Amino acid sequence: MQQFQQYIGGSFSDGSARFTSVDPATGADWAEMPEAREADVNDAVEAAEAAFFSPEWALTTATARGKLLHRLADLIAENAPRLAELETRDTGKIIRETSAQIAYVADYFRYYAGLADKIQGAHLPIDKPDMEVWLRREPVGVVAAVVPWNSQLFLSAVKIGPALAAGCTVVLKTSEEGPAPMLEFARIFDQAGFPAGVFNVITGGPAAGAALTSHPKVAHVAFTGGPDTARHIVRNSAENLASTSLELGGKSPFIVFDDADIESAVNAQVSGIFAATGQSCVSGSRLVVHTAIKDEFLARLKEKAEAVVIGAPGDMATEVGPLCTQRQRDTALRLIRESIAAGAKLVTGGTVPEREGYFFPPTILDCSDAPEAPSLTHEFFGPVLSVVSFETEAEALAIANNTEFGLASGLFTRDLTRAHRMVRAIRAGIVWINTYRAVSPIAPFGGHGLSGHGREGGIEAALEYTKTKSVWLRTSDDPIPDPFVMR
Ligand code: NAD
């Protein structure tokens, strides 16, 4: 079995305990990983705090931080195939996507490398003639980053990049399901030339996550995962009163009007729900389609769903791979069963193929006559699409907003004025019009409601890792007037 190590204070070690990681494509053990216990969490946070206050990091100029991040981006690009391969092996995410996503990972670091020396304070036109007041924008301190198993390299990059650009230090806890890519990332990070302790990687499950996010020396918690875990994170942060940014799940509507380019909308819907084997927070998992085109749309979608190539995640031809865990598959099967009992009709899929590993086929459930079907409200985190039809724009909007989540949304129409009306009224952090699942380091990403708060990507993300300090300088040489009156 392959062996992996944690990375604390610039050194690699086995960790207090070890566990074996399973290959989701076969269900077999394939690697041995470190499992952080409280002592490892403490060591990592202590290392990050020491690095934060060390002259080697605290006095590194923003421009120099940017150069280090550029170097890291180059190293990631050089090691891209190995990183993609490990993510595929340990999480079952298909190689087609991990190889494409790794290019974005390098791009995110380049974006934040360039941004590092543009994160700036301000001079204030203060309302007192004998004062100069300015704002320094300073790093918050030690950041605890906690990520889920899907897209770990990407979801970690969108935290590490802005946090380091801002001058913070980071302890990242990988997911216990598939930590290999981030442990390998640590080996690459180690070559970039950052001072020891600026970035640390530990593994482990809820106990390690709780110890990290409640640690008294952590100033900010950047979390991606499910809403139930987010509630724990918020409770944990009652201990250290750390600020939080929460990127959670979604039940995103994909709305298709009867004037849409159907071919393009069908392709975008396939990408929105079946790409990444549906294990994507922005998955367009509710198709809201106009009744006039519903039959044609569903027929075309069914044809494409049934033609999807299901196979080994490491094969470039594979379009849908296994789910990451048996638990994910059990949840999908249960929700489908309950939705059919509530009146939903199975259009395609829904049964587990006879092969080893946690495979699950592209599945479509028509819930037009089953408004109470749980598949309309629960996140599957798998390739399962629930369909509802509508007659009017107001109905489409009401269905779209009938969710506690609010991460992404898709809108297919050729009517520009309608698109503008919908954009204003949709409650979601992202609206894609006539496209879906596009991301960029330049554009902020985040949600409303149960989808969380805070933004990743763009300038906004870097500001999440800073706080301002107001500095007052009295310019008068006269004695300070009445000391008992606030000035
Ligand atoms: P999860 O919430 O179960 O776990 C996420 C991380 O939290 C893991 O590292 C886990 O070990 C840790 N954790 C668990 N309990 C903890 C606790 N008590 N304290 C601290 N940390 C704890 O999520 P998952 O099942 O790994 O991933 C799927 C979820 O992630 C889905 O809901 C999905 O929508 C969401 N997600 C969101 C985004 C986004 O950007 N909005 C992206 C990807 C995934």
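Atoms within each ligand, like the ligands themselves, are counted from 1 in listed order. This is a predicted model, so every value here is computed, not measured.
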Undergrad: Examine Pro148 against ligand 1 and note whether any of their N/O atoms are separated by less than 3.5 Å.
TA: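 No.
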Undergrad: Heavy atoms only: which of Thr229, Val234, Thr325 lies closest to atom 3 (O) of ligand 1?
TA: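 Of the listed residues, Thr229 has the closest heavy atom.
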Undergrad: Any idea which atoms of ligand 1 are less than 4.0 Å away from a heavy-atom of Leu155?
TA: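 Contacts of ligand 1 toward Leu155, numbered from 1: 42 (C), 43 (C).
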Undergrad: Give the residue and atom name of whichever protein heavy atom lies nearest to atom 33 (C) of ligand 1, and the separation in Å to one decimal.
TA: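 Residue, atom and distance for the closest contact: Phe381 CE1, 3.2 Å.
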Undergrad: Which atoms of ligand 1 sit under 4.0 Å from any heavy atom of Leu248?
TA: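 Per the distance check, 37 (C), 38 (C), 39 (C), 41 (N).
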Undergrad: If you round to the nearest 0.5 Å, how far is CG of Leu153 from CD of Glu87?
TA: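 One gets 4.5 Å once the value is rounded to the nearest 0.5 Å.
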Undergrad: Do Asp14 and Gln5 have a side chain donor and acceptor closer than 3.5 Å?
TA: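 Checked: Asp14/Gln5 side chains pair up, N/O donor to acceptor below 3.5 Å.
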Undergrad: Check ligand 1 against Asn236 and write out every atom of the ligand that is under 4.0 Å from a heavy-atom position of the residue.
TA: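 Per the distance check, 19 (N), 20 (C).
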Undergrad: Where is the nearest protein heavy atom to atom 12 (C) of ligand 1: which residue, which atom, and how far?
TA: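 Minimum-distance protein heavy atom for atom 12 (C) of ligand 1 reads Val146 CG1, 3.7 Å.
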Undergrad: Nearest heavy-atom pair of Gly92 and Pro313: which atoms, and what distance?
TA: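 Of all heavy-atom pairs spanning Gly92 and Pro313, the closest is O-CB, 3.3 Å.
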Undergrad: Looking only at heavy atoms of Thr174, does any of them come nearer than 4.0 Å to an atom of ligand 1?
TA: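 Within the 4.0 Å threshold, so yes.
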Undergrad: What part of Leu407 sits under 4.0 Å from ligand 1 if we count only heavy atoms: the side chain, the backbone, both or neither?
TA: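 For Leu407, only side-chain atoms sit under 4.0 Å from ligand 1.
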Undergrad: Taking distance alone, with no angle check, do Gln328 and ligand 1 share an N/O pair under 3.5 Å?
TA: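 Between Gln328 and ligand 1, no N or O pair is found under 3.5 Å apart.
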Undergrad: Could you tell me whether some N/O pair between Cys281 and ligand 1 is separated by less than 3.5 angstrom?
TA: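 N/O-N/O distance under 3.5 Å: no.
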Undergrad: Going by distance alone, is a donor N or O of one side chain under 3.5 Å from an acceptor N or O of the other, for Asn267 and Lys304?
TA: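 Per modelled atom types, Asn267 and Lys304 side chains form a pair under 3.5 Å.
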Undergrad: With a 4.0 Å heavy-atom cut-off (strictly under), which part of Glu247 contacts ligand 1: side chain, backbone, both or neither?
TA: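 Both of them.
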Undergrad: May I ask you to decide if the ring planes of Phe4 and Trp30 are parallel, tilted or perpendicular, using 30° and 60° as cut-offs?
TA: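 The rings of Phe4 and Trp30 stand perpendicular, inter-plane angle above 60°.
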Undergrad: Within the 3.5 Å criterion, strictly below it, is a donor on Ser16 or Asp40 matched to an acceptor on the partner's side chain?
TA: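 There is such a pair (donor and acceptor under 3.5 Å, judged by atom type) between the side chains of Ser16 and Asp40.
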Undergrad: Please determine, by modelled atom types, if Asp90 and Trp149 share a side-chain donor-acceptor pair under 3.5 angstrom.
TA: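 No, no side-chain donor-acceptor contact under 3.5 Å.
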Undergrad: Heavy atoms only, cut-off 4.0 Å: how does Glu176 contact ligand 1, side chain, backbone, both, or neither?
TA: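 Contact part for Glu176 vs ligand 1: side chain (C-beta onward).
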Undergrad: So which protein heavy atom does atom 35 (C) of ligand 1 come closest to, and at what separation?
TA: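 Of every protein heavy atom, Gly225 O, 3.2 Å lies nearest to atom 35 (C) of ligand 1.
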Undergrad: Is Asp315 salt-bridged to Arg96, cutoff N-O under 4.0 Å?
TA: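 Between Arg96 and Asp315 there is no salt bridge, as every charged N stays at least 4.0 Å from the carboxylate O atoms.
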Undergrad: Are Thr224 and Lys159 close enough that a side-chain donor and a side-chain acceptor fall under 3.5 Å?
TA: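 There is such a pair between these side chains.
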Undergrad: Relative to the heavy atoms of Ile233, which atoms of ligand 1 are at a distance of less than 4.0 Å?
TA: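 Heavy-atom distances to Ile233 below 4.0 Å select 20 (C), 21 (N).
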Undergrad: When you check the gap from the basic side-chain N to the acidic O, do Arg82 and Glu184 get nearer than 4.0 Å?
TA: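 A salt bridge links Arg82 with Glu184.
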Undergrad: Going by distance only, is there an N or O of Trp149 that falls short of 3.5 Å from an N or O of ligand 1?
TA: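 Among all N and O atoms of Trp149, at least one is under 3.5 Å from an N or O of ligand 1.
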Undergrad: In the protein, which heavy atom is nearest to atom 17 (C) of ligand 1, and how far is it?
TA: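 Here the nearest protein heavy atom works out to Pro206 O, 3.8 Å.
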Undergrad: If we check ring pair (Phe, Tyr, Trp, His ring centres under 6.0 Å) with Phe194, which of these qualifies: Phe189, Tyr7, Phe199?
TA: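 Only match with Phe194 under ring pair (Phe, Tyr, Trp, His ring centres under 6.0 Å): Phe189.
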Undergrad: Mark up the atoms of ligand 1 that fall under 4.0 Å of a heavy atom belonging to Thr224, in ascending order.
TA: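 Per the distance check, 5 (C), 36 (N), 37 (C), 38 (C), 39 (C), 40 (O), 42 (C), 43 (C), 44 (C).
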Undergrad: Looking just at side-chain N and O atoms, do Asn236 and Thr213 make a donor-acceptor pair shorter than 3.5 Å?
TA: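 A pair is found: one side chain offers a donor N or O, the other an acceptor, under 3.5 Å apart.
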Undergrad: Give the residue and atom name of whichever protein heavy atom lies nearest to atom 20 (C) of ligand 1, and the separation in Å to one decimal.
TA: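 Its nearest protein heavy-atom neighbour is Gly209 C, 3.2 Å.
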Undergrad: Is the closest side-chain donor-acceptor distance between Asn240 and His215 under 3.5 Å?
TA: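 Their side chains do not contain a donor-acceptor pair, so the 3.5 Å distance test is not met.
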Undergrad: Going by the angle between their ring planes, with limits at 30° and 60°, are Tyr465 and His220 parallel, tilted or perpendicular?
TA: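 Geometry flag for His220 against Tyr465: perpendicular rings.
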Undergrad: Within 45° of the six-membered ring axis of Phe12 and under 6.0 Å from that ring's centre, is NZ or CZ of Arg187 located there?
TA: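 Yes, cation above the ring, under 6.0 Å and within 45°.
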Undergrad: Looking only at distances, please establish whether an N/O atom of ligand 1 is found under 3.5 Å from an N/O atom of Lys173.
TA: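 Min N/O separation from ligand 1 is below 3.5 Å for Lys173.
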Undergrad: Does any N or O of ligand 1 fall below 3.5 Å from an N or O anywhere on His232, backbone included?
TA: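 No.
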Undergrad: Considering only protein heavy atoms, which is closest to atom 23 (O) of ligand 1, and at what distance to one decimal place?
TA: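 Heavy-atom neighbour on the protein nearest atom 23 (O) of ligand 1: Gly226 N, 3.7 Å.
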Undergrad: Should Phe445 be counted as touching ligand 1, given the test is an N or O pair under 3.5 Å?
TA: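 No; the residue has no nitrogen or oxygen that sits under 3.5 Å from a nitrogen or oxygen of the ligand.
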Undergrad: Does ligand 1 have a heavy atom under 4.0 Å from the side chain of Glu379, from its backbone, from both, or from neither?
TA: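 For Glu379, only side-chain atoms sit under 4.0 Å from ligand 1.
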Undergrad: Considering Thr91, Val147, Asn150 one by one, which has a heavy atom nearer to atom 44 (C) of ligand 1 than any of the others?
TA: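 Nearest heavy atom to atom 44 (C) of ligand 1 lies in Asn150.
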Undergrad: Without hydrogens or angle criteria, can the side chains of His453 and Thr244 be said to hold a donor-acceptor pair below 3.5 Å?
TA: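 There is such a pair (donor and acceptor under 3.5 Å, judged by atom type) between the side chains of His453 and Thr244.
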Undergrad: So if I count the atoms of ligand 1 from 1 in the order they appear, which ones are less than 4.0 Å from some heavy atom of Ala210?
TA: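 Checking each atom against Ala210, I get 19 (N), 20 (C).
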Undergrad: Hey, which atoms in ligand 1 end up nearer than 4.0 Å to a heavy atom of Gly249?
TA: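 Those atoms are 34 (O).
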